[in-house]
Amino acid sequence: MDVRLSAEQRALREAAARLVDDHAPGSVADLDDAARVAGLEAALTGAGWRELRAPDPDGGGRPLASAVEAAIVAEEFGRGPADAPFLGPTLAAELRRRAGAEPAAALETVLLRPDLSGLVVLDDEQARCSGVAIDARGAAAALALVRTGHDDGHGHDLVRVPVTGTSPGRDLTRPAAAVGDAPAERLPAAGPLTTADIEAWSAFALALTCADLVGTMRGAVGLARAYAGVRRQYEALIGTFQSVQHLLADAFVSVEGSSSVTRHAAWAADALPSGDALAAASIAKAYCARAAREVCETAIQVHGGIGMTWECLAHVHLRRALVSAQLLGDVGVNLARVAAHHEIGGGHDGLR
């Protein structure tokens, strides 16, 4: 693995950063600015970044862009924090590509179980569907799975579930939609997904979620560092106090460690066999999920009393991090995946 970004990847990162800097909310009040949100949505649609994992017409089913490149955009959107849908539609596009289905005509996302630990899986096509459609602003439908007889009884087909209405929930930047007892429609012209396909999709989804966590941490640290550079106490900038410096230094180290393990997970999603890629992504998710909460809480602590108020943007970063930490499993779930993959623990649930 070459950890260096190519010239094209650096240009992509700079373009994503510019878009986020121009359109992301600069305050909590900006979250309610409909004109700003519409501008961000238009800019994202124009950039075409939600189609990065759509099939390359000349690539034999390969995606237009690598998982590393999709993770670059996800990280910048987390840093914003940008409140236009990217994670959900990108994961839906990846599912469609792996099933050999045509790209969606309208915005789609994915339907997760109520605890957000994985995709909703139906026993048969006639069953009614319930779950949470994540990152669902503007989405007309969400994708889920239905079991089939393929792959020795372990295969799955894609189904499409209608989505109506969203609510902010804990994450103020990515509203979700609760789906209850909804009908599911099998996706036309889509092939079955094997166990390896689901593992590979899960590895990509975890890597993208980790990238969002890394960006959220970067945004929180940047916010706290800027505040420490202007807030005065005892006639001195608080950024000159050693205790504040240590807090921010520890947070920075956590961000850089998370960035490294996420970059490996994104590379592995395309380069390694599905089981190994999923293990690499699970390691990254366990690391990033644990680090993100500490980093975002540190950002609030550096702000002092103002950090506990609704008007301070720090809690928006923390809320986003807490939701991303739950997507496709928290620390314990992912450590258990790693243990099972490497046959550690003698059948115990998790590590001893």
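Treat the numbers as computed from the prediction; the structure is a model and nothing was measured.
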For the residue pair T45 / E41, report whether a side-chain donor-acceptor contact shorter than 3.5 Å exists. yes

If you define the side chain from C-beta out and look only at heavy atoms, does anything of R337 sit under 4.5 Å from L206? yes

R53 charged N/C atom sitting above F204 aromatic ring, 6.0 Å / 45°: yes

Salt bridge or not between R13 and E76? Use side-chain N to carboxylate O under 4.0 Å. no

Any non-hydrogen side-chain atom of P192 less than 4.5 Å from a side-chain atom of L158? no

Run the salt-bridge test on D30 and R36 with the 4.0 Å N-O cut-off and return the result as yes or no. no

Would a hydrophobic clustering, with Ile, Leu, Val, Met, Phe, Trp and Tyr connected at side-chain separations under 4.5 Å, put L327 with M217? no

Return the orientation label for the H303 and Y227 ring planes: parallel under 30°, perpendicular over 60°, tilted otherwise. parallel

Please determine whether a side-chain nitrogen of the Lys or Arg among R147 and D123 lies less than 4.0 Å from a carboxylate oxygen of the Asp or Glu. yes

Taking the basic N atoms (NZ, or NE/NH1/NH2) and the acidic carboxylate oxygens, is any pair closer than 4.0 Å for D181 and R128? yes

For the pair R10 (side chain) and L5 (backbone), establish whether a donor and an acceptor sit closer than 3.5 Å, ignoring hydrogens and angles. yes

Looking at residues at least two apart in the chain, or sitting in another chain, which of them share a salt bridge (Lys or Arg N to Asp or Glu O under 4.0 Å) with R97? E94

Going by heavy atoms in the side chains, are E8 and L12 under 4.5 Å from each other? no

4.5 Å side-chain heavy-atom contact, L111 and L119: no

Contacts of R160 meeting salt bridge (Lys or Arg N to Asp or Glu O under 4.0 Å) (sequence neighbours excluded), chain-then-number -> E108

Is it true that D212 and T209 share a donor-acceptor pair across their side chains at a distance under 3.5 Å? no

Which atoms form the tightest heavy-atom contact between R293 and L318, and what is the distance? O-CD1, 4.3 Å

When you compare the side chain of V120 with that of L145, does any pair of heavy atoms fall below 4.5 Å? no

Which atom names give the shortest non-hydrogen contact between A203 and A281, and what distance separates them? O-CB, 3.5 Å

Regarding R113 and S130, do their side chains bring together a donor and an acceptor under 3.5 Å, going by distance alone? no

Do L31 and T173 have side chains that approach each other closer than 4.5 Å (heavy atoms only, starting at C-beta)? yes

For D197 and H156, which I'm curious about, is there any donor-acceptor pair between the side chains at under 3.5 Å? no

Return the set of residues passing salt bridge (Lys or Arg N to Asp or Glu O under 4.0 Å) with D330 (not counting sequence neighbours), or none when no residue passes. none

With side chains defined as the heavy atoms from C-beta onward, is the minimum distance between L172 and R320 less than 4.5 Å? no

Report yes if the side chains of R137 and R174 come closer than 4.5 Å at any heavy-atom pair, otherwise no. no

Q301 (side chain) donor-acceptor with T298 (main chain) under 3.5 angstrom: no

Membership question, hydrophobic clusters at under 4.5 Å side-chain separation (ILVMFWY): are W310 and V302 in the same one? no

